[in-house]
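Nothing here was measured: the structure is a model prediction, and the numbers come from that model. The figures that follow rest on heavy atoms only: side chains count, while hydrogens, waters and symmetry mates do not.
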Amino acid sequence: MGLTEVRATVARRLTTARPSVRWHVGRLVTAGVYRPAFGALGTDSVIVSPRILRGVEAINIRNRVQIYSGAWLQCERGGSLTIGDDVYVGHDAHLHSIDPITIGSGCVLADGVFIATTDHERGDRHKVRGTGSISIGDRVFIGQRCIVLGGVTIGDGATIAAGSVVTNDVAPGTVVAGAPARVISAPRA
């Protein structure tokens, strides 16, 4: 077997490795490479095979946060991203900040979630601008392929149904769905 074939075999094995293998590799890379680069990266937090990491000095991640493959975490100049304890960030999540994004503790962000405080200028589409900060409370569930736009506050314990587009504030404990997201059920008084 030639060197090219050996490289291809090793690459295939790493690419198709069981999730537990990718997880352990992610733990090592998180501890050795990401932890010193980030603004803060708490204990037992793991980032597995991210797609993009930019502006990491403005990203502060607390303890026991799990960020899965394909994640895009980016802070533009002046932006910040803060993630609380015990947060799950699913595959292919995209978090992009010009204005601050704050995510509370105990949250679940399902696969493909898009949360951004950015938009492209109307005159020059190559320029981006802020759209207002995003604040997500504790124990919030954001379903698969949801979009959360700038200037929004999502209260503690809220549930955002899969595929929703959140353009307005969501009260604590409320369930919303749709595009734009509308209240499906509110907490009992």
Visitor: Spell out, as yes or no, whether a donor-acceptor pair under 3.5 Å connects the side chain of S45 to the backbone of L41.
Guide: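 No, the answer is negative, given that no donor and acceptor are paired below the 3.5 Å cut-off.
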Visitor: Let me check something: do I52 and Y68 share a hydrophobic cluster, defined by ILVMFWY side-chain heavy atoms less than 4.5 Å apart, either directly or through other members?
Guide: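 Unlinked, I52 and Y68 end up in two clusters.
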Visitor: With hydrophobic residues grouped by side-chain heavy-atom distances under 4.5 Å, do I98 and I59 end up in a single group?
Guide: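 Per the 4.5 Å side-chain linkage, I98 and I59 are not co-clustered.
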Visitor: Taking I160 as the fixed residue, which of I142, V175, I147 is the one that meets the side chain to side chain contact (heavy atoms under 4.5 Å, CB included) rule?
Guide: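 Result: among I142, V175, I147, I142 is the only option passing the side chain to side chain contact (heavy atoms under 4.5 Å, CB included) with I160.
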Visitor: What verdict does the side-chain hydrogen bond (donor to acceptor under 3.5 Å, both in side chains) test give for H126 and E121, after you've listed the backbone C-alpha separation in whole Å, the side-chain angles of each residue and the deciding distance to 0.1 Å?
Guide: CA-CA 7 Å; H126 297 285; E121 291 287 346; over 6 Å; no
Visitor: Are there over 12 heavy-atom neighbours, none belonging to R125, within less than 6.0 Å of that residue's CZ?
Guide: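 Above 12, so yes.
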Visitor: Would you call D111 and D92 a side-chain contact if the rule is heavy atoms closer than 4.5 Å?
Guide: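 A side-chain contact under 4.5 Å is absent here.
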Visitor: Examine V166 and F114 and state if one hydrophobic cluster contains both, with Ile, Leu, Val, Met, Phe, Trp and Tyr joined whenever side-chain heavy atoms are less than 4.5 Å apart.
Guide: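 V166 and F114: separate clusters.
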Visitor: Mind checking whether N168 and V152 have side chains closer than 4.5 Å, heavy atoms only?
Guide: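 Not in contact.
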Visitor: Does any part of the side chain of P180, heavy atoms only, come nearer than 4.5 Å to the side chain of R182, both counted from C-beta?
Guide: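 Result yes, sub-4.5 Å side-chain heavy-atom pair found.
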Visitor: So with a 6.0 Å cut-off around CZ of R7, is the heavy-atom count from everything else above 12?
Guide: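 Not more than 12 within 6.0 Å, no.
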Visitor: Going by heavy atoms in the side chains, are P187 and T174 under 4.5 Å from each other?
Guide: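 Sidechains of T174 and P187: in contact.
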Visitor: Answer whether the closest heavy-atom distance between the side chains of I136 and C107 falls below 4.5 Å.
Guide: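 Yes, close enough: below the 4.5 Å cut-off.
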Visitor: Counting only heavy atoms not in R27, do more than 12 fall under 6.0 Å of its CZ?
Guide: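 Atom CZ in R27 is not packed in, count stays at 12 or less.
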Visitor: Can you tell me if CZ on R54 sees more than 12 non-hydrogen neighbours from other groups inside 6.0 Å?
Guide: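 No, CZ of R54 has 12 or fewer neighbouring heavy atoms, counting only those of other groups under 6.0 Å.
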Visitor: Answer with yes or no whether the hydrophobic clustering places V89 together with V25; edges join I, L, V, M, F, W, Y residues whose side-chain heavy atoms lie under 4.5 Å apart.
Guide: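 V89 and V25: one cluster.
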Visitor: Check for me, please, whether V29 and V65 land in the same ILVMFWY cluster - side-chain distances under 4.5 Å, paths through other members count.
Guide: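 V29 clusters together with V65.
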Visitor: Quick one: does I103's side chain get under 4.5 Å of L95's, heavy atoms only?
Guide: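 A side-chain contact under 4.5 Å exists here.
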Visitor: Could you walk me through whether D119 and T131 pass the side-chain hydrogen bond (donor to acceptor under 3.5 Å, both in side chains) test, one step at a time?
Guide: CA-CA 7 Å; D119 192 12; T131 57; over 6 Å; no
Visitor: Taking side chain to side chain contact (heavy atoms under 4.5 Å, CB included) as the criterion, tell me which of L53, V33, T30 meets it with F38.
Guide: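 With F38 as partner, L53, V33, T30 yield a single side chain to side chain contact (heavy atoms under 4.5 Å, CB included), made by L53.
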